[in-house]
Amino acid sequence: EADLLERVRERQPSRSSSQRRDAIASVYDADARFSTRDNHKKAYVGYKEHIVQDASSGIITCATVTGANVDDSTQLQDLIAKHEAVTGDRPESVAADAKYHTGPNHAAMCAAAIRAMIAVPAAKGEKQGLFTTADFLHDRVGDCVMCPGGKLASGGKYDAKAQGLEYYFTKSQCLDCPLRQLCSKREYGRTVFISDYRDLIQEARAAKDTPEAKQAQIDRLNIERTF
């Protein structure tokens, strides 16, 4: 118990607003962590199981257990590597839920010639019928984006943590735009983020409604197990 108390005292120092909370939840279980699985849900203390299962045989080839606060997307590439080490084979495709949908994961699978059958979450504003980032044209050479209304924002500011460029449309550009209600209701102009992985993400969005992609998600749900 004294060792656990010492681990509590050595918890991480203050964090920025973008960092996940890593507070030790109990002196009796120092590896468990707090998490809220969904927004507006009560926090719980525990763990997550990240599992790879062979679709044809139903055999679990590898598993990783993390604290409940760990971002699922950070585990995918390591899980695939463990699967390859155990089976000696590289999978032709990998189906996963939307929590594994990130640019780095798509890039890694593309580089390894693995088909990414990852569920794609709705883009911000998509469900509300608003313009999404995909509706803005990006010119990398000219370092600018064009909105659906034909106006330009140039000189993107690079965000190293998010891995992409942020472009800012001014209030005056957006104020009298006839498409404003389909774009942004913010008092100031719209901000558009262009990911380093924009092309891969757009490819994934374009493929998400294909019969093959839909069937992969159905098959994934059928073979997933509850522990």
Side-chain angles (χ1 to χ4, degrees), residues 17-18 20 35-42 71-73 76 93-107 109-110 115-159 161-222 224:
S17 59
S18 63
R20 290 201 168 197
S35 180
T36 51
R37 187 180 300 273
D38 300 301
N39 289 335
H40 311 301
K41 294 291 183 69
K42 185 177 180 180
D71 185 344
D72 292 23
S73 68
L76 182 61
S93 64
V94 171
D97 65 43
K99 292 180 180 178
Y100 296 91
H101 170 75
T102 65
N105 281 342
H106 279 285
M109 295 176 72
C110 180
R115 296 192 65 186
M117 310 298 282
I118 303 174
V120 180
K124 184 178 181 180
E126 182 179 351
K127 291 183 178 179
Q128 294 76 32
L130 302 177
F131 293 133
T132 69
T133 299
D135 295 308
F136 290 74
L137 300 179
H138 182 223
D139 181 352
R140 290 189 182 275
V141 176
D143 189 20
C144 63
V145 292
M146 178 184 289
C147 75
K151 298 178 181 179
L152 295 176
S154 60
K157 181 180 179 181
Y158 192 74
D159 185 329
K161 183 176 178 60
Q163 297 181 288
L165 290 162
E166 282 192 324
Y167 292 88
Y168 303 91
F169 289 87
T170 65
K171 181 178 180 179
S172 60
Q173 284 179 301
C174 301
L175 186 61
D176 297 323
C177 178
L179 300 177
R180 181 176 176 82
Q181 293 303 311
L182 293 175
C183 187
S184 174
K185 298 180 181 179
R186 296 175 59 188
E187 180 182 354
Y188 300 100
R190 172 154 181 172
T191 300
V192 176
F193 178 76
I194 303 296
S195 170
D196 290 344
Y197 307 97
R198 175 183 170 93
D199 293 342
L200 287 171
I201 292 173
Q202 288 187 330
E203 288 176 12
R205 290 196 181 283
K208 71 182 179 68
D209 292 324
T210 62
E212 186 176 12
K214 290 181 177 180
Q215 188 60 51
Q217 290 304 312
I218 292 173
D219 293 342
R220 178 184 66 81
L221 292 174
N222 287 337
E224 272 195 347

| Is there a donor-acceptor contact under 3.5 Å from the side chain of Gln217 to the main chain of Met117? | yes

| Using the ring of each side chain (for Trp, its six-membered ring), is Phe136 parallel, tilted or perpendicular to Phe169, with breaks at 30° and 60°? | tilted

| Do you know which two heavy atoms are closest between Lys151 and Cys177, and how far apart they sit? | NZ-CB, 4.2 Å

| Is the shortest heavy-atom distance from the side chain of Thr191 to the side chain of Arg186 under 4.5 Å? | yes

| said: If you define the side chain from C-beta out and look only at heavy atoms, does anything of Met146 sit under 4.5 Å from Asp139? | reply: no

| request: Determine whether Thr132 and Lys124 make a side-chain contact, defined as any pair of heavy atoms from C-beta on separated by less than 4.5 Å. | output: no

| query | What are the two closest non-hydrogen atoms of Cys174 and Gly189, and how far apart are they? | reply | SG-CA, 3.7 Å

| field | Smallest separation among heavy atoms of Phe193 and Ala162, with atom names | value | CZ-O, 3.5 Å

| said: How long is the straight-line distance from OH of Tyr158 back to CD of Glu166, given to the nearest 0.5 Å? | reply: 11.5 Å

| note | In this structure, CG of Asn105 is separated from NZ of Lys99 (nearest 0.5 Å) by 14.5 Å

| Rounded distance (nearest 0.5 Å) linking atom CG of Asp159 with atom CG of Asp196 | 9.5 Å

| Enclosure of Gln128 CD (heavy-atom neighbours >12, cutoff 6.0 Å) | yes

| Least distance between heavy atoms, Ala116 atom then His106 atom | CB-ND1, 3.7 Å

| task | Run the numbers on His101 and Lys208 for side chain to side chain contact (heavy atoms under 4.5 Å, CB included), then give the verdict. | result | CA-CA 12 Å; His101 170 75; Lys208 71 182 179 68; over 6 Å; no

| From Ile194 atom CD1 to Gln163 atom CD, the distance as rounded to the nearest 0.5 Å | 15.0 Å

| field | Qualifying residue for side chain to side chain contact (heavy atoms under 4.5 Å, CB included) with Ile118, from Leu76, Val94, Asp97 | value | Leu76

| field | From CA spacing to verdict: side chain to side chain contact (heavy atoms under 4.5 Å, CB included), Cys147, Arg190 | value | CA-CA 10 Å; Cys147 75; Arg190 172 154 181 172; over 6 Å; no

| said: To the nearest 0.5 Å, what is the distance between CD on Gln215 and OG1 on Thr210? | reply: 10.5 Å

| task | Might you point out which heavy atoms bring Lys127 and Ala122 nearest each other, and give the distance in Å? | result | CE-CB, 3.8 Å

| said: Quick check on Tyr188: does its OH atom have over 12 non-hydrogen neighbours (other residues, nucleotides or ligands) under 6.0 Å away? | reply: no

| request: Report the distance from atom CG of Leu200 to atom SG of Cys110, rounding to the nearest 0.5 Å. | output: 5.5 Å

| said: Can you give me the closest heavy-atom contact between Pro148 and Asp135, atom names plus distance? | reply: CG-O, 3.7 Å

| query | Are any non-hydrogen side-chain atoms of Val145 and Thr133 less than 4.5 angstrom apart? | reply | no

| How about Arg115: does its CZ atom have over 12 heavy atoms from other parts shown lying under 6.0 Å from it? | no

